[in-house]
2 protein chains.
Amino acid sequence: METLQEKRISIIKSGMELINEHGFHGCPISQVAKKAGVAAGTIYTYFENKEDMIYGIFKEVIQKQYKAVALKDNPELPFQERFFKFWENISEFYFQNPEIQGFLDQFLKSPYNTEEVHKENPSWFEWTENFYLDGIRQGAIKDINPIILKILVNESAHSLAKVKRNFGKKLEKKKVDFSSYPFMIWDAIKAN
Amino acid sequence: METLQEKRISIIKSGMELINEHGFHGCPISQVAKKAGVAAGTIYTYFENKEDMIYGIFKEVIQKQYKAVALKDNPELPFQERFFKFWENISEFYFQNPEIQGFLDQFLKSPYNTEEVHKENPSWFEWTENFYLDGIRQGAIKDINPIILKILVNESAHSLAKVKRNFGKKLEKKKVDFSSYPFMIWDAIKAN
DNA sequence: TCAAAATGATTGAACGTTCATTCAGAGCTT
DNA sequence: AAGCTCTGAATGAACGTTCAATCATTTTGA
């Protein structure tokens, strides 16, 4: 533990792991502190209160996702290529960071997730919207509200990563081909 | 409040509503009791403890879903027709029962949702699996693991119902056509 | 150059609150 | 009166949060 930033990150990581494993109930400050190797009181120098900590975790996580997915997008490429690259990046990101996915899964479906939270973390949400708007403008995908497209694609990517992790070995034996999935999604959204 | 069964249902309904609105954190027994119009202790004549109550809510909810969706399926019809009927039923069910959807959303993504829970409530989970297996056997949809199909379809239905409820009026102005959604999903899963 | 002072992070015991759960007694039905 | 359901105050554990005290680091000033 060196800098203050590192301690902050350690708290965030611990909280995220506890929420991933035990839910929002089941992540007491006392345990977050223990896991992070700090005293309970220390958490309150980094966050106003527990709620603020949870929003802090979300902010961190959504920024990481932005870097791992949005920043790797190349708007010069044809949209179909961008789409498959996007799919690959987001799948890989979730697969490599199961705690992040577990946290996001729960956060996004919870009452913590409000419109205000989206406004306070515009980078990712604005980027995804523009991503699909690009696809529509170029005539590559159906002219459908980006909110709808986002759901279809992102929820599917989310769930597939989860299945891959939970049932990966079982499904491998049955020769399930995960790579067919993005093609299915593409079939759903591509322009006729 | 007449019979015991009705009191049980009242507790379940109250717990469900609180979880929908405030999450698993934010649903204390004291409030469930208050909302249900019973004393806190009464809940413990119907459930062993709080966890048991939450699983009780899930059981109730999944049975309702089974009745509202699975029992309305007619296996005699061509699969495509069954699929669109299924979509309509599940969308309508979620739209008419927002607390159920809010609860399910959170439950299914939470650590409460384990493989064991699925085994204890086989009706719905077995039915969906068989539904997709039927489609595959008849050559109507792609030969893909039913787990994957289930995710793609059910998660999408879930999310769409949520959007419809949250952004319904906003999207209506923009003339978003929700009816296009099941066709997109069908395009994704139909056999080539 | 170096002690003294200031700063700010860290600690963990202590606090007040809230929680899930219990249970003795009351009420109701048969 | 027997056998239940129901009540809600009581219980003790667990929780989020505070804060006086401690510690480490930096700044000051002679």
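Within every chain, numbering begins at 1; the chains are lettered A, B, ... in the order of the sequence lines, protein sequences first and strands thereafter. None of the values given here were measured: they were computed from a predicted structure.
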In whole angstroms, how far is the [atom2] atom of [N] from the [atom1] atom of [X]?
| X | N | atom1 | atom2 | value |
| --- | --- | --- | --- | --- |
| B:K34 | C:dT18 | NZ | P | 12 Å |
| A:Y44 | C:dG12 | OH | C1' | 13 Å |
| A:F47 | C:dA9 | CZ | P | 14 Å |
| A:I11 | C:dT11 | CD1 | C1' | 13 Å |
| A:I29 | C:dT11 | CD1 | P | 14 Å |

For each nucleotide in nucleotides 24-30 of chain C, reading 5' to 3', give B when a protein heavy atom comes within less than 4.0 Å of its base, S when such contact involves only the sugar-phosphate, and - otherwise. -------
Only one of B:Y94, B:W87, B:F95 forms a side chain to side chain contact (heavy atoms under 4.5 Å, CB included) with B:L160, so which one is it?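 Running side chain to side chain contact (heavy atoms under 4.5 Å, CB included) over B:Y94, B:W87, B:F95 with B:L160 returns exactly one hit, B:W87.
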Where at least one partner belongs to residues 146-158 of chain A, residue pairs that pass salt bridge (charged side-chain N to carboxylate O under 4.0 Å, His left out), sequence neighbours excluded: A:K109-A:E155
Give the cluster check for A:V69 versus A:F84: same hydrophobic cluster or not, with ILVMFWY residues linked at side-chain heavy-atom distances below 4.5 Å. yes
A:T42 or A:P28: which one's nearest nucleotide on DNA chain D is closer to the 5' end? A:P28
Please determine whether ring-ring contact (aromatic ring centres under 6.0 Å, His included) holds for the pair B:F83 and B:F131, giving the CA-CA distance in whole Å, both sets of side-chain angles, and the decisive distance to 0.1 Å. CA-CA 9 Å; B:F83 172 81; B:F131 178 74; 7.2 Å; no
Could you tell me whether B:K142 atom NZ has more than 12 heavy atoms of other residues or ligands within 6.0 Å of it?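 Enclosed.
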Between which nucleotides of DNA chain D, read 5' to 3', does contact with chain A run, using atoms under 4.0 Å from its heavy atoms?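 The protein-touched segment is D:dC15 to D:dT18.
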With distance as the sole test, does B:S91 use its side chain to make a donor-acceptor pair with the main-chain N or O of B:E88 at under 3.5 Å?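 Pair absent, no side-chain N/O of B:S91 close to backbone of B:E88.
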Taking NZ, NE, NH1 and NH2 as the nitrogens, is one of them in B:K190 or A:D187 under 4.0 Å from a carboxylate oxygen of the other? no
I'd like to know if A:D73 and A:K85 make a salt bridge, using a cut-off of under 4.0 Å between side-chain N and carboxylate O.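 Looking at A:K85 together with A:D73, the answer is no, because their closest N to O distance does not fall below 4.0 Å.
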Give A:Y46 one of three labels, base, sugar-phosphate or nothing, depending on what nucleic acid heavy atoms sit under 4.0 Å from its own. sugar-phosphate
